[in-house]
Amino acid sequence: MDEFNRFFRENSQWLWVIAFLGVVYGIRLIRILTTHQQKMAQILSQNQSQQGSLNAPDLESMRRDLEVLKATVNQQTVLLDSIANQQRELLQAVRTPQLPEQKVSL
């Protein structure tokens with residue numbers, strides 16, 4: 001503890017200068033960061049207001065695209081069901097072969 005007190009007494013001028021500079025530059029840094037944060041908030045606010053007005057046509061376009069996609073999916077679902085039914089019929093025909101009719105002569 002004695003070493004600390006002696007060091008502080010011997011270098012007190014420099015420690016006060018360092019503390020003063022820390023406060024001065026700290027205040028400036030906080031001011032710069034606050035100004036930057038305010039500008040970013042303004043930019044984000046402006047972007048959100050511009051996007052709100054531009055999204056109406058884009059939203060309608062996306063709705064049309066979604067309807068087309070739904071119709072395509074439905075059409076492909078029906079087609080896949082049809083193909084599955086044809087496969088079932090073919091598999092059933094292969095599993096139960098029909099014997100050729102024999103003519104019985106009397």
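For clarity, every value in this text was computed on a predicted model and none was experimentally measured.
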Fill in: Partner set under salt bridge (Lys or Arg N to Asp or Glu O under 4.0 Å) for R63, not counting sequence neighbours
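If we apply the salt bridge (Lys or Arg N to Asp or Glu O under 4.0 Å) test to R63, skipping adjacent residues, the hits are E60.
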
Discussion item. Please check: side-chain N/O of S45 versus main-chain N/O of A41, any donor-acceptor pairing under 3.5 Å?
Written reply: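 No: the side chain of S45 does not pair with the backbone of A41.
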
Transitive ILVMFWY cluster of [X], excluding itself - 4.5 Å side-chain cut-off:
{"X": "L79", "result": "I83"}
{"X": "L33", "result": "L29"}
{"X": "I32", "result": "none"}
{"X": "V23", "result": "I27"}

Value rounded to 0.5 Å, distance of [atom1] in [X] from [atom2] in [Y]:
{"X": "N85", "Y": "L90", "atom1": "CG", "atom2": "CG", "result": "11.0 Å"}
{"X": "I30", "Y": "T35", "atom1": "CD1", "atom2": "OG1", "result": "11.5 Å"}
{"X": "L44", "Y": "K39", "atom1": "CG", "atom2": "NZ", "result": "14.5 Å"}
{"X": "L80", "Y": "Q75", "atom1": "CG", "atom2": "CD", "result": "11.0 Å"}

Discussion item. If you count every heavy atom of other residues, nucleotides or ligands that lies below 6.0 Å from E3 atom CD, does the total exceed 12?
Written reply: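 Not more than 12 within 6.0 Å, no.
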
Discussion item. Check for me, please, whether V17 and Y25 land in the same ILVMFWY cluster - side-chain distances under 4.5 Å, paths through other members count.
Written reply: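 Cluster IDs for V17 and Y25 match.
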
Discussion item. Suppose we screen for side chain to side chain contact (heavy atoms under 4.5 Å, CB included). Which residues come up paired with S82, at least two apart in sequence or across chains?
Written reply: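 Result, side chain to side chain contact (heavy atoms under 4.5 Å, CB included) vs S82: Q86.
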
